[in-house]
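Note that these values count all heavy atoms, side chains included, but never hydrogens, waters or copies made by symmetry. Predicted, not measured: the structure shown is a model, and the values here were computed from it.
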Amino acid sequence: MKFGKSVCIINVGGTKYAFPKDVIKDFPLRRVSRLHSCASEREVLEVCDDYDRERNEFFFDRHSEAFGFIMLYVKYGKLRFVPHMCELSFYNEMIYWGLESSHLEFCCQRRLDDRMSDSYTHFTEEHHETVKEIGTDESNGKRDSQWLERMRRTFEEPTSSLAAQILASVSVIFVIVSMVILCASTLPDWKTAESNIVEEHRYTDSLEHPSGIIEAVCIGWFTAECIVRFIVSRDKCEFVRRPLNIIDLLAITPYYISVTMTVLTGENSQLQRAGVTLRVLRMMRIFWVIKLARHFLGLQTLGLTLRRCYREMVMLLVFICVAMAIFGALAQLLEHGLDLESGNEEYASIPAACWWVIISMTTVGYGDMYPITVPGRVLGGLCVVSGIVLLALPITFIYHSFVQCYHELKFRSARYTRSLSAEFLN
């Protein structure tokens with residue numbers, strides 16, 4: 001700011017706030033920080049509603065109580081709704097000052113998401129101006145790469161456009177077809193028919209068979225999709241490190257290994273699949289099912305929950321291992337160790353007893369082994385009750401985390417849809 005005093009006064013709805021001029025430059029609120037770059041009073045009036053040069057006071061005709069809560073966010077880093085104030089009204093105040101819904105606490109994000117889902121929201125003029133300013137700042141000098149961004153959204157975000165939804169639907173269809181063929185290829189009748197085809201076409205390529213053609217088409221689609229997504233990605237290194245992309249690579253690679261071995265050895269690929277290595281590689285195509293996580297919120301929620309609850313998962317495994325060690329040793333002693341001649345042979349070792357412990361603690365109970373002595377049955381009852389209690393403790397935290405992750409991903413999806421609507425309106 002090239003005019004005025006060293007202290008700036010921000011007057012919002014009659015409530016005044018005094019800040020040094022240096023603080024204004026890096027102020028967290030975008031509209032306030034813009035005052036520092038203003039070189040004339042005319043530019044100042046484009047940011048605020050009025051300006052007093054003598055007192056160096058900037059007037060904003062906005063909700064003073066809402067701005068007070070926004071200042072608490074600036075000071076403490078936590079933003080919540082004003083009590084007894086409409087969520088949409090407070091959201092408009094946030095947009096005016098340069099904040100987004102992601103700055104809200106998670107509980108308030110859910111309230112805003114539910115509120116906006118119940119009513120049709122018209123974006124205010126300030127919202128359009130803010131979105132336009134953000135888009136101008138971020139896309140300045142990058143207009144030539146806008147088509148790359150559109151392509152990236154089409155392949156990475158299935159809800160971004162109609163073309164993205166069609167592309168996602170086609171990808172899901174290919175995944176389902178590939179899984180059906182993989183499952184059907186393990187049926188005895190399918191194997192018999194395949195062997196007959198191999199005998200009839202001993203000197204022809206397996207791709208001439210219907211299953212080989214369908215498999216090649218599916219692999220071609222997945223390969224092309226992966227290559228395009230890699231080309232249009234912003235960060236190539238980050239793209240390679242993503243778990244879903246690694247799974248795509250693991251699912252595609254076995255097919256090309258099989259084709260390469262066919263070319264090098266000159267043998268029919270259908271016969272090569274009898275090899276253990278190739279059968280394992282071929283079965284890795286089951287990872288294609290995880291590709292559905294790109295298009296379904298439930299699978300995304302499951303992955304995010306497992307990533308956030310790894311401590312609880314480790315805790316659960318520790319509980320199970322400790323219980324297996326204790327109850328397994330006691331079960332082996334009571335069922336076999338006290339009477340070596342007429343003891344229960346199914347509990348001849350602690351590892352065998354641990355199998356009984358795990359199926360008892362999880363209340364599965366296959367019935368393949370069970371205690372026959374009275375002390376062993378008492379121990380079995382304690383094992384079942386202990387399993388219910390031990391498993392329930394960490395699972396409660398995992399359940400709450402799952403619910404939180406589901407609402408968070410749902411909110412992100414709704415927020416992204418709102419941003420696309422605002423971009424379309426602009």
Gap separating the CG atom of Leu249 from the OG1 atom of Thr223, nearest 0.5 angstrom = 10.0 Å

Answer yes if the side chains of Asn11 and Tyr17 hold a donor-acceptor pair under 3.5 Å, and no otherwise.
-> no

Closest approach of His103 and Leu79, non-hydrogen atoms and distance?
-> O-CB, 3.6 Å

Only counting residues at least two apart or in another chain, list the ones meeting salt bridge (charged side-chain N to carboxylate O under 4.0 Å, His left out) with Arg307.
-> none

Modelled atom types, side-chain donor and acceptor of Asp368 and Trp355, under 3.5 Å = yes

Do Leu104 and Phe81 pass the side-chain contact (heavy atoms from CB on, under 4.5 Å) test, and can you show the C-alpha distance, the side-chain angles, and the key distance before you say yes or no?
-> CA-CA 8 Å; Leu104 286 166; Phe81 284 129; 3.8 Å; yes

Rounded to the nearest 0.5 Å, what separation is found between the CZ atom of Arg30 and the CD1 atom of Ile95?
-> 10.5 Å

Side chains of Tyr370 and Ser360: do they bring a donor and an acceptor to under 3.5 Å?
-> no

Using the six-membered ring of Tyr96, assess whether NZ or CZ of Arg31 lies under 6.0 Å from its centre and within 45 degrees of the ring axis.
-> yes

Quick one: pull up OG1 in Thr305 and CD in Glu312 and give me the separation to the nearest 0.5 Å.
-> 10.5 Å

When rounded to the nearest 0.5 angstrom, what distance separates CG in Leu35 from CG in Asn56?
-> 9.5 Å

Can you measure from CD1 (Ile252) to SG (Cys218) and round to the nearest 0.5 angstrom?
-> 11.5 Å

Rounded to the nearest 0.5 Å, what's the gap from NZ on Lys16 to CZ on Phe59? Could you check?
-> 6.5 Å

Determine, using ring centers only, whether Phe19 and Phe27 are less than 6.0 Å apart.
-> yes

State plainly whether the residues Arg34 and Glu43 are in salt-bridge range, i.e. N to O under 4.0 Å.
-> no

Look at the rings of Trp97 and Phe60 and say which category their plane angle falls in: under 30° parallel, 30 to 60° tilted, over 60° perpendicular.
-> tilted

When you check the gap from the basic side-chain N to the acidic O, do Glu41 and Arg53 get nearer than 4.0 Å?
-> yes

Near Met313 CE, under 6.0 Å, is it more than 12 heavy atoms from other residues, nucleotides or ligands?
-> no

